Amino acid sequence: MDIIVTLKQVPDPEAPKETFRIDEAAMKILNPPNIDPVINGYDENAIEAALQLKEAAGGKVVAVSMGEASATRALKQALAMGVDEGILLQDASFADADATSTAHVLARAIEKIGSYGLILCGRQASDWDQSQVPSGIAELIGLPSVTAVQKVALQDDAVRVERILEDGYEVLDIRGPCVVTVSNEANKPRYPTLKGIMAAGKKQILVWDAAELGVDAAQVGSAGALTRVSKLYVPSFAGDCEFIAGESPEEMGANLALRLRELKII
Amino acid sequence: MAQGVMIFAETTGAALAPIAKEMCGVGRRLADALGEPLVAAVAGSGVGGADQEAIAHGADRVYVADADVLQTYQTASYCTVIGQIAEQAEPEVLLVGMSDNGRDLGPRLAFRLRTGLASDCVDLTINAETRLLEATRPVSGGNAMATVVIEKTRPQMATVRAKTMPAAEPDAGRQGEVIAVDVSVDAVALPVTVVERVKAESEGVRLEDADIVISGGRGLKGPDDFYAILEPCAKALGGAIGASRAAVDEGWVPTQLQVGLTGKIVSPKLYVACAISGAAQHMAGCGYSKTIVAVNRDPDAPIYQRANIGIVGDYKKVMPAFQAKCAELLG
């Protein structure tokens with residue numbers, strides 16, 4: 001089965017908290033200086049799931065990402081992990097997209113790729129945490145969608161997934177091509193091997209622009225966005241933590257119980 | 001012309017789910033701000049008294065889709081039915097609570113209705129001047145907050161994080177209108193089959209219902225102390241244990257114990273975080289607790305910025321002493 005994986009390049013969420021920066025005027029989350037952006041972590045889970053399915057049942061894995069030229073980096077990394085092809089969807093008109101206009105471009109690209117049995121996406125992106133684009137792609141193309149799964153496998157003619165629930169999970173069989181979003185519980189993404197990195201270096205990333213995709217300028221980027229961020233800010237917290245004193249950790253533990261009792265919390 | 005506020009009023013059996021009461025609360029507040037009605041959409045099979053319950057909790061009008069095919073949540077069937085109700089009711093604002101199902105439904109429904117959506121909101125207000133919904137949501141795992149407006153399309157949609165909005169109090173004397181909805185979903189044509197539902201094994205108090213939660217993080221360095229130190233303490237206090245994503249990703253504890261942005265959202269009376277640094281991802285799940293206690297060996301851990309009470313020390317020594325003193329105090 002051929003699988004398409006959607007990717008987003010994001011600022012490294014593991015970067016130290018003090019390096020986190022936003023541009024309040026432009027309402028953008030900035031990449032911290034000197035820390036390379038990465039593939040969104042949940043998208044790495046989607047890549048890993050795709051590669052495991054390919055290893056079990058054959059087929060081809062194609063990664064597609066909408067972004068600036070710099071997002072080539074994420075696609076190259078996907079290739080190094082073992083993905084067969086990478087496609088960058090890049091056009092000046094795609095800038096400042098929201099979930100709606102992003103899903104529009106990705107859906108058109110997926111239709112252009114044409115051959116697929118399964119589209120795997122990360123359950124959300126760690127920069128804007130929207131978790132909208134995958135369901136949007138499914139709705140725009142007219143495919144079934146299942147979100148936040150911890151397992152994906154092929155079962156006869158169906159895709160069998162485990163959707164995470166608060167008190168367990170449900171096992172679902174999906175018939176025909178579908179969109180599935182993968183959660184971090186699904187797997188531990190592999191690191192690229194040296195051989196993989198060498199092979200990826202030799203591969204070309206395809207670049208498709210608005211004309212190539214045949215998208216309507218009114219439906220992409222900021223023009224096609226249906227939401228607008230009117231304010232972006234870093235919240236401040238009181239920072240009025242009361243520290244429990246004590247000569248030893250044991251004494252502090254006992255004093256904590258006394259204090260919580262005093263406050264009528266326990 | 002679009003008018004009023006509509007909520008997806010999720011049900012458990014024949015009753016409103018807790019999240020639906022939270023949506024009634026926030027929905028009523030926004031409807032009052034607009035001076036317009038609150039509409040609730042109920043879907044399920046044998047949802048019996050949920051309509052009157054929604055009215056008691058603040059709805060002026062309830063659309064009820066009651067059919068066998070809606071017995072179990074499925075994206076396709078629920079999106080079709082709730083989408084049809086939204087087209088009929090033409091609300092100005094449409095809210096979906098972020099339960100397991102609402103989290104899945106919201107985005108697909110927004111694209112079905114060709115409208116914009118603000119995901120995972122923690123604050124919703126109506127701007128008195130523009131009369132637009134201002135939806136505020138954490139981004140970048142909670143490192144920043146964004147306020148989102150939807151200007152071009154209706155309804156203005158938002159999914160709402162669980163336990164961030166006070167639940168409406170019921171008033172049995174309230175009156176409202178109930179409208180039955182024809183359900184034209186064919187079960188055979190649904191693209192997804194539910195094979196089985198597996199309940200995670202759990203004993204004692206459920207994490208999301210617990211008044212006291214004691215959580216462990218990466219600093220526990222393995223599964224052992226969750227069960228040797230944290231769990232006995234939680235049990236003694238009638239609480240439950242939780243974990244940071246790091247501990248779940250390491251495989252130390254099952255995924256159902258994860259507190260955070262993509263795990264459980266908890267708001268207990270007391271949340272004790274042991275050896276948890278306090279990443280925004282984690283705080284998204286416990287930041288609404290009444291009292292947060294941080295126990296960490298690192299005096300510079302970011303969690304102290306969010307904690308009400310802090311102990312700088314080794315949880316291995318602090319927690320057993322805490323438990324012993326609690327036993328003494330509580331008899």
Side-chain angles (χ1 to χ4, degrees), chain A residues 13 17 20 22 29 100 103 123 126-132 135-136 138-140 144-147 150 164-176 183-185 226-235 237 239 241-244 249-250 252-254 256-261 265-266, chain B residues 75-76 100 104 107-108 111-112 115-120 139-141 143-153 191-200 208 237 249 255 261-262 264 269-270 291 293 302 304-314 317-319 321-322 325-326 329-330:
Chain A
K17 198 171 155 60
F20 180 76
I22 58 171
I29 298 167
T100 302
R123 67 178 287 177
S126 60
D127 50 357
W128 285 92
D129 285 321
Q130 294 254 56
S131 62
Q132 291 186 25
S135 299
E139 180 67 19
L140 291 170
S145 57
V146 175
T147 56
Q150 62 178 7
I164 301 167
L165 302 176
E166 273 190 6
D167 60 353
Y169 61 91
E170 64 183 4
V171 182
L172 305 172
D173 278 351
I174 318 163
R175 289 175 296 280
S183 192
N184 53 291
E185 290 87 347
L226 298 181
T227 56
R228 182 173 68 82
V229 177
S230 63
K231 192 176 171 194
L232 182 68
Y233 59 100
V234 173
F237 296 103
C241 182
E242 166 194 340
F243 284 91
I244 300 287
E250 288 85 354
M252 287 190 247
L256 172 65
L258 289 168
R259 181 70 179 131
L260 291 176
R261 184 68 180 162
I265 294 167
I266 56 169
Chain B
T75 316
D100 290 331
D104 178 78
R108 184 108 199 196
F111 277 84
R112 176 73 49 89
T115 194
L117 165 69
S119 299
D120 197 15
V139 296
S140 194
N143 283 311
M145 303 293 286
T147 302
V148 175
V149 290
I150 298 154
E151 292 157 316
K152 299 182 202 168
T153 53
V192 175
T193 312
V194 181
V195 181
E196 61 172 332
R197 290 184 86 127
V198 180
K199 262 185 111 82
E208 52 272 48
L237 291 168
D249 281 352
T255 177
L261 185 65
T262 55
K264 298 275 166 63
K269 275 196 317 192
L270 174 63
T291 302
V293 174
Y304 293 116
Q305 289 163 26
R306 300 290 299 275
N308 307 97
I309 298 176
I311 287 183
V312 179
D314 186 352
K317 294 177 177 154
V318 172
M319 293 310 287
F322 169 67
K325 193 72 183 174
C326 286
L329 291 172
L330 303 173

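All figures in this text were calculated on a predicted structure; none of them were measured in a lab. All chains are named by letter (A, B, ...) in the order of the sequence lines, taking the proteins before the strands, and each is independently numbered beginning at 1.
The closest donor-acceptor contact from the side chain of B/Lys264 to the backbone of A/Glu166 lies under 3.5 Å. Panel note: side chain B/Glu151, backbone A/Arg228; no donor-acceptor pair is recorded below 3.5 Å.
In this structure, NZ in B/Lys269 is found 10.5 Å from CG in A/Leu260, a value given to the nearest 0.5 Å. The distance from the CD1 atom of B/Ile311 to the CZ atom of A/Arg259 is 12.0 Å, given to the nearest 0.5 Å. How far OG1 of B/Thr255 is from CD1 of A/Ile164: 5.0 Å, rounded to the nearest 0.5 Å. One finds the CZ atom of A/Phe237 at 8.5 Å from the CD atom of B/Gln305 (value rounded to the nearest 0.5 Å). In this structure, the separation between CD1 on A/Ile265 and CG on B/Leu270 is 6.5 Å, given to the nearest 0.5 Å. Here CG of B/Asn143 is found 10.0 Å from CD1 of A/Ile22. Values are rounded to the nearest 0.5 Å.
In this structure, the portion of A/Phe20 lying under 4.5 Å from any heavy atom of chain B is its side chain and not its backbone. Heavy-atom distances place the backbone of B/Asn308, and not its side chain, under 4.5 Å from chain A. With a 4.5 angstrom heavy-atom cutoff, B/Thr193 touches chain A via backbone and side-chain atoms both. Of the two parts of A/Ile29, only the side chain, counted from C-beta on, holds a non-hydrogen atom closer than 4.5 Å to a non-hydrogen atom of chain B. Only the side chain of B/Leu330 comes within less than 4.5 Å of a heavy atom of chain A; its backbone N, CA, C and O stay farther away. Contact annotation for B/Thr153: only side-chain heavy atoms (C-beta onward) come within less than 4.5 Å of a heavy atom of chain A. Looking at A/Pro13, neither its backbone nor its side chain comes within 4.5 Å of chain B, counting heavy atoms on both sides. Residue A/Leu140 touches chain B through its side chain alone, counting heavy-atom pairs closer than 4.5 Å. Proximity to chain B (any heavy atom under 4.5 Å) is restricted, for A/Asp127, to the backbone atoms N, CA, C and O. With a 4.5 Å cut-off on non-hydrogen atoms, B/Ala307 touches chain A through its backbone and its side chain both. For chain B, the nearby parts of A/Thr100 are the backbone and the side chain; heavy atoms of each come within less than 4.5 Å. Using a 4.5 Å cut-off between heavy atoms, B/Met319 does not touch chain A at all.
Considering every non-hydrogen atom in both B/Ile309 and A/Cys241, the closest pair reads C-SG, 3.6 Å. Minimum interatomic distance between B/Ala144 and A/Leu232 (heavy atoms only, all atoms of both residues): CB-CD1, 4.2 Å. Of all heavy-atom pairs between B/Arg197 and A/Leu165, the closest is NH2-CD1, 3.0 Å. B/Pro107 and A/Ser131 make their closest contact through CG-O, 3.3 Å (heavy atoms, listed as atom of the first residue, atom of the second, distance). Minimum heavy-atom separation, A/Gln132 to B/Phe111: O-CE1, 3.8 Å. Closest of all the heavy-atom pairs between A/Lys17 and B/Pro302 is CD-CB, 4.3 Å.
Among the candidates B/Val148, B/Thr75, B/Leu117, the residue making the largest number of heavy-atom pairs closer than 4.5 Å to chain A is B/Leu117. Among the candidates B/Ala118, B/Gly310, B/Gly116, the residue making the largest number of heavy-atom pairs closer than 4.5 Å to chain A is B/Gly310. Counting heavy-atom pairs under 4.5 Å between each of B/Val139, B/Val318, B/Val198, B/Asp314 and chain A puts B/Val198 at the top. The most heavy-atom pairs under 4.5 Å with chain B, out of A/Val146, A/Ile266, A/Leu258, come from A/Leu258. If you tally non-hydrogen atom pairs under 4.5 Å between each of A/Ala103, A/Gly176, A/Ala138 and chain B, the highest count goes to A/Ala138. Note: B/Ser140 leads B/Ser140, B/Ala146, B/Cys326 in heavy-atom pairs under 4.5 Å with chain A.
Under 4.0 Å is where a charged nitrogen must lie from a carboxylate oxygen, and between B/Lys317 and A/Glu250 no such pair does.
By the 4.5 Å heavy-atom criterion applied to side chains, B/Val312 and A/Met252 are not counted as neighbours. Residues B/Asp120 and A/Asp129 are not in side-chain contact: their nearest non-hydrogen atoms beyond the backbone lie 4.5 Å or more apart.
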